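Below is one structure, written out as structure tokens; the observations come after it.
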Amino acid sequence: MTARATDQEVCIDLGDRSYPIVIGEGLLARIAEFDLPKGHAALIVTNTTVGPLYAGALAQALASRYPQVHVLELPDGEQHKNWDSLNLIFDALLGRGSDRKTVLFALGGGVVGDITGFAAACYMRGVPFVQLPTTLLAQVDSSVGGKTAINHPLGKNMIGAFYQPQLVLCDLDTLATLPEREMSAGLAEVIKYGPIFDLDFLDWVQAHLPALRARDPQALAHAVRRSCQIKAEVVGQDERESGLRAILNFGHTFGHAIEAGLGYGEWLHGEAVGCGMVMALQLSLEMGGVDAAFVERCTRLIADAGLPTRGPALGADRYLELMRLDKKSEAGEIRFVLIDPPGRAVVRPAPDAVVRGVIARCC
Ligand code: NAD
Ligand code: GLY
């Protein structure tokens, strides 16, 4: 691999499935310089928004490494993270008679990354894939760690597989075209790492929030690198979420209920997670893990990042019904990621009455 001195690298350490995450500028144009999976053909999977911006130059860069390079544009949006989009990838692969030496490149945000990764896991029982995340959220979270999935109308990310990419390139230049609302959504997952794992990073994010929102390149590079380091440390210890990895779901139990309850795409995933963290912090307060000052501080940070802090009024019964379907639930008992104490997260059930009280206060 050829990295520039200004590129930064984080390694996901998973034995013979280890891979690097490279963070830098101009990476898509330089992709042929990196250690790419060998193959006869490359399929770039992207969407109708990202494709016109970046797929042409990427295809050109990949042409020096693969005899055939094709581009597939999926419809854009969380509501298309489903079987239909997945089948479009299989149609494109089978329609060209693609064999196991075909490499998939996921060019886009978390939706494209999650669907493409799942397609790579399934096609001929597994073909190599590379993550090229183009949203802040995907660069700090979804492209890393090998969770792949599509949604089901009854629950988010319910159909999927653990399947690791062989390389992740976080090209910071792509963030220049990201809409403001999507930047805020990405900041939710950046903020997440502080309360669950690293209070120094929480201080840093708080101090650099204006720079991050102004897309200062150095601030973004640090936020992406530190987020990936924390995620790499967690995933390296617990790839398949038998324990520790669940802490990365802080805010997601409430957040996934908001997304499914409103209908996918109504709120952005990061918005639902931002508000879900506020609800999880309130629950942590009720359960004695944090004090009111910490809840207030984190809630203010989430609001300052441009994220909602009040949940939609779905009704407590509906929230509970949706959260019982969460993947962390056991025998119908909802298990929440709670902060206890600040800088550390635990996974625990909470009494229904207390959860209802939090929903009533936050929605
Ligand atoms: P997204 O993929 O929908 O992208 C957000 C929007 O930005 C889309 O409209 C997209 O077309 C557009 N876009 C992407 N890159 C752009 C660019 N550079 N310039 C302009 N527009 C651009 O949403 P997301 O926030 O990236 O990802 C959310 C998804 O990620 C959810 O489905 C969530 O479940 C999943 N996720 C997965 C994991 C995981 O570990 N696998 C972790 C977190 C989230
Ligand atoms: N985003 C949660 C995880 O990767 O585990």
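All values below were derived from every heavy atom in this structure, side-chain atoms included, with hydrogens, water molecules and symmetry-related copies excluded. Computed from a predicted model, the values in this text were never measured in an experiment. Every number for a ligand or one of its atoms is a count from 1 in the order of the listing.
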Numbered atoms of ligand 1 (with element) below 4.0 Å of Asp141, judged on heavy atoms: 42 (C), 43 (C)
Arg181 near ligand 1 by a heavy-atom separation under 4.0 Å: no
Distance-only N or O hit between ligand 1 and Gly108, under 3.5 Å: no
Residues Lys156, Asp114; criterion salt bridge (Lys or Arg N to Asp or Glu O under 4.0 Å); working and verdict: CA-CA 12 Å; Lys156 175 120 172 106; Asp114 280 13; over 6 Å; no
Under 3.5 Å side-chain donor-acceptor pair for His269 and Glu259: yes
Close-contact set for ligand 1 against Asn47 heavy atoms, below 4.0 Å: 10 (C), 11 (O)
Mutual orientation of the aromatic rings belonging to Phe129 and Tyr163 [parallel < 30°, tilted 30-60°, perpendicular > 60°]: parallel
Ligand 1 contact on Leu175 by region, counting heavy-atom pairs under 4.0 Å: neither
Identity and separation of the nearest protein heavy atom to atom 14 (C) of ligand 1: Thr135 CG2, 3.3 Å
Atom 1 (P) of ligand 1 [closest protein heavy-atom partner, distance rounded to 0.1 Å]: Val111 CG2, 3.9 Å
Which residue and heavy atom of the protein sit nearest atom 39 (C) of ligand 1, plus the separation: Ser142 CA, 3.5 Å
Closest protein heavy atom to atom 21 (N) of ligand 1, given as residue, atom name and distance to 0.1 Å: Pro179 CD, 3.8 Å
Where ligand 1 meets Lys231 - atom numbers and elements under 4.0 angstrom, heavy-atom basis: 40 (O)
Taking atom 23 (O) of ligand 1 as the reference point, the nearest protein heavy atom with its distance: Gly110 N, 4.1 Å
Numbered atoms and elements of ligand 1 in range of Glu189, under 4.0 angstrom, heavy atoms: 43 (C)
Ligand 2 contacted by Lys231 (non-hydrogen, < 4.0 Å): yes
Residue Asp76 vicinity, atoms of ligand 1 by number, heavy atom under 4.0 Å: 8 (C), 9 (O), 10 (C), 11 (O)
Contact atoms of ligand 1, heavy-atom distance to Lys81 under 4.0 Å: 31 (C), 32 (O), 33 (C), 34 (O), 35 (C)
Within-shell test, Asp141 vs ligand 2, heavy atom, strictly < 4.0 Å: yes
Backbone or side-chain N or O of Asn249 under 3.5 Å from ligand 2 N or O: no
Protein contact of atom 22 (C) of ligand 1 - nearest heavy atom, named by residue and atom, plus distance: Leu178 CD1, 3.6 Å
Nearest-contact summary for atom 31 (C) of ligand 1 - protein heavy atom, Å: Glu78 OE1, 3.1 Å
Thr134 N/O under 3.5 Å from ligand 1 N/O: yes
Closest non-hydrogen atom pair between Val337 and Ala246, with its separation: CG2-O, 3.3 Å
Shortest reach to atom 19 (N) of ligand 1 by a heavy atom, considering only Thr177, Leu136, Val273: Thr177
Point-to-point distance, once rounded to the nearest 0.5 Å, from SG of Cys170 to CD of Gln139: 4.5 Å
Any N or O of His252 closer than 3.5 Å to N or O of ligand 1: no
Crowding at CD, Gln60 (>12 non-hydrogen neighbours, <6.0 Å): no
Ion pair check, Arg17 and Glu239, cut-off under 4.0 Å: yes
Output field: ring centroids Phe336/Phe254 closer than 6.0 Å: yes
Arg297: which of Asp203, Asp304, Asp291 passes salt bridge (charged side-chain N to carboxylate O under 4.0 Å, His left out): Asp203
side-chain contact (heavy atoms from CB on, under 4.5 Å) partner of Phe197, the single match among Arg344, Lys192, Glu233: Glu233
N or O contact, Asp114 vs ligand 1, cut-off under 3.5 Å: yes
Lys81 and Asn157 side chains, donor-acceptor separation under 3.5 Å: yes
Lys147 neighbourhood, listing ligand 2 atoms whose heavy-atom distance to it stays under 4.0 Å: 2 (C), 3 (C), 4 (O), 5 (O)
NZ/NE/NH1/NH2 to OD/OE distance under 4.0 Å, Glu189 and Lys231: no
Residue, atom name and distance, where the atom is the protein heavy atom closest to atom 5 (C) of ligand 1: Glu182 OE1, 3.2 Å
Near-ring test His222/His208, centroid separation under 6.0 angstrom: no
Over 12 non-hydrogen atoms of neighbours within 6.0 angstrom of CZ in Arg324: yes
Distance-minimising heavy-atom pair for Thr135 and Leu178: CG2-CD1, 3.7 Å
Within-cut-off N or O pair, Lys156 and ligand 1, under 3.5 Å: yes
Candidate with minimal heavy-atom separation from atom 25 (O) of ligand 1, of Val144, Thr49, Leu137: Leu137
Those atoms of ligand 1 less than 4.0 Å from some heavy atom in Val50: 11 (O), 13 (N), 14 (C), 15 (N), 16 (C), 22 (C)
Geometric class of the Tyr123/Phe90 ring pair [parallel <30°, tilted 30-60°, perpendicular >60°]: parallel
Under-4.0 Å heavy-atom contact with ligand 1, by part of Lys147 that carries it: both
Residue part near ligand 2, for Val144, under 4.0 Å between non-hydrogen atoms: neither
Sub-4.0 Å atoms of ligand 1 with respect to non-hydrogen atoms of Tyr54: 18 (N)
Steps toward salt bridge (Lys or Arg N to Asp or Glu O under 4.0 Å) verdict (Lys101, Asp99): CA-CA 5 Å; Lys101 297 279 179 189; Asp99 63 17; over 6 Å; no
Salt bridge present between Asp141 and Lys147 (N-O < 4.0 angstrom): no
